[in-house]
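A quick write-up on the structure given underneath.
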Amino acid sequence: MTIKLPAPDLTGTMTVEQAIRSRRSVRNFSDSVISMAAVSQVLWAAQGISGGGGVRTVPSAGGLYPLEIYCVAGAVDGLPAGVYRYAMFGHELVPVVEGESRESLAAAALGQKCVRGGAASIIIAAVFDRATGKYSRRGIQYATLEAGHAAQNICLQVVALGLGTVAIGAFQDDKVKYAVRMRENETPLYIMPIGAV
Ligand SMILES: Cc1cc2nc3c(=O)[nH]c(=O)nc-3n(C[C@H](O)[C@H](O)[C@H](O)COP(=O)(O)O)c2cc1C
């Protein structure tokens with residue numbers, strides 16, 4: 001059963017300049033639980049629908065939208081621990097794995113403690129075929145660039161929420177894929193643990 005997320009808040013008070021100025025990689029998180037509203041906000045910033053025709057919060061070459069977003073929740077108020085796929089059109093979460101998965105995700109990320117320590121992690125994955133069908137090999141570059149857009153949106157949104165994150169690129173693809181039960185045609189590009197600072 002899908003879990004409906006609260007609508008994104010469009011009235012935050014931090015300016016873009018303040019968020020850019022304050023962004024810093026955070027690797028030590030407190031044990032605090034984060035809210036479902038915060039998770040909702042971050043997912044929306046990463047890949048949410050922001051207008052008619054399915055346009056999104058990040059640019060996409062040819063509007064092909066090759067990215068998929070997963071959330072590994074551990075300490076999120078009102079959200080059972082588990083792995084979820086973000087369904088942007090309904091702004092909802094589709095359960096994929098039940099139960100605590102932060103440990104296995106951290107192991108897949110070469111044991112990086114911040115992955116276990118975050119209240120949740122957002123994983124950005126690409127389905128390269130969606131872009132290479134039109135752009136051939138260049139589609140791989142385009143999808144990877146787009147992951148950078150999504151990651152930066154996450155960074156700035158997290159700062160605006162008063163939380164912290166770090167963009168993690170060091171991990172074993174196959175282990176991350178297994179930990180979150182990704183589909184065969186998805187490639188993980190970034191893990192972004194999120195938590196209170
Ligand atoms: C592509 C990429 C991969 C990264 N991978 C990791 C990682 O695996 N672990 C980590 O702790 N930080 C990782 N980082 C974060 C960088 O270490 C960090 O951004 C850099 O030290 C600059 O610090 P700042 O983000 O606080 O400005 C990565 C950053 C990028 C852009």
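The figures here come from the full heavy-atom set of this structure, side chains too, leaving out hydrogens, waters and symmetry mates. One is the number of the first residue; the rest follow in order along the sequence. Each ligand, and each atom within it, is numbered from 1 in the order the structure gives.
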Kindly confirm or rule out an N or O of Cys114 lying under 3.5 angstrom from an N or O of ligand 1. no
Single hit among Val96, Ile123, Leu105, Leu93 for side-chain contact (heavy atoms from CB on, under 4.5 Å) with Val83: Val96
So is Tyr190 touching ligand 1 or not, going by heavy atoms under 4.0 Å? yes
Axial cation check for Phe29 ring with Arg27, 6.0 Å and 45° limits: no
Would you say atom 1 (C) of ligand 1 touches the protein, meaning some protein heavy atom is under 4.0 Å from it? yes
Starting from atom 7 (C) of ligand 1, locate the nearest protein heavy atom and write down its residue, its atom name and how far away it is, to 0.1 Å. Gln112 OE1, 3.6 Å
From the options Arg27, Lys113, Arg23, select the one whose nearest heavy atom is closest to atom 11 (O) of ligand 1. Arg27
Under 4.0 Å from atom 20 (C) of ligand 1, can you find at least one protein heavy atom? no
Thr144 and Gln141: side-chain hydrogen bond (donor to acceptor under 3.5 Å, both in side chains), yes or no, with the steps? CA-CA 5 Å; Thr144 312; Gln141 280 168 257; over 6 Å; no
Taking NZ, NE, NH1 and NH2 as the nitrogens, is one of them in Arg130 or Glu146 under 4.0 Å from a carboxylate oxygen of the other? no
For Tyr70 and Glu186, run side-chain hydrogen bond (donor to acceptor under 3.5 Å, both in side chains): C-alpha distance rounded to whole Å, both residues' side-chain angles, the deciding distance at 0.1 Å, then the answer. CA-CA 11 Å; Tyr70 287 80; Glu186 295 171 345; 2.4 Å; yes
Side-chain touch Val39/Ile34, heavy atoms, less than 4.5 angstrom: yes
Atom 24 (P) of ligand 1: closest protein heavy atom, distance to 0.1 Å, is Ser25 OG, 3.5 Å
May I ask you to list the atoms of ligand 1 that are less than 4.0 angstrom from any heavy atom of Gly169? 3 (C), 4 (C), 5 (N), 6 (C), 7 (C), 8 (O)
Sequence neighbours excluded, which residues qualify as side chain to side chain donor-acceptor pair (under 3.5 Å) partners of Gln112? none
Compare Ala170, Ala167, Ala147 and give the one whose heavy atom is closest to atom 15 (C) of ligand 1. Ala167
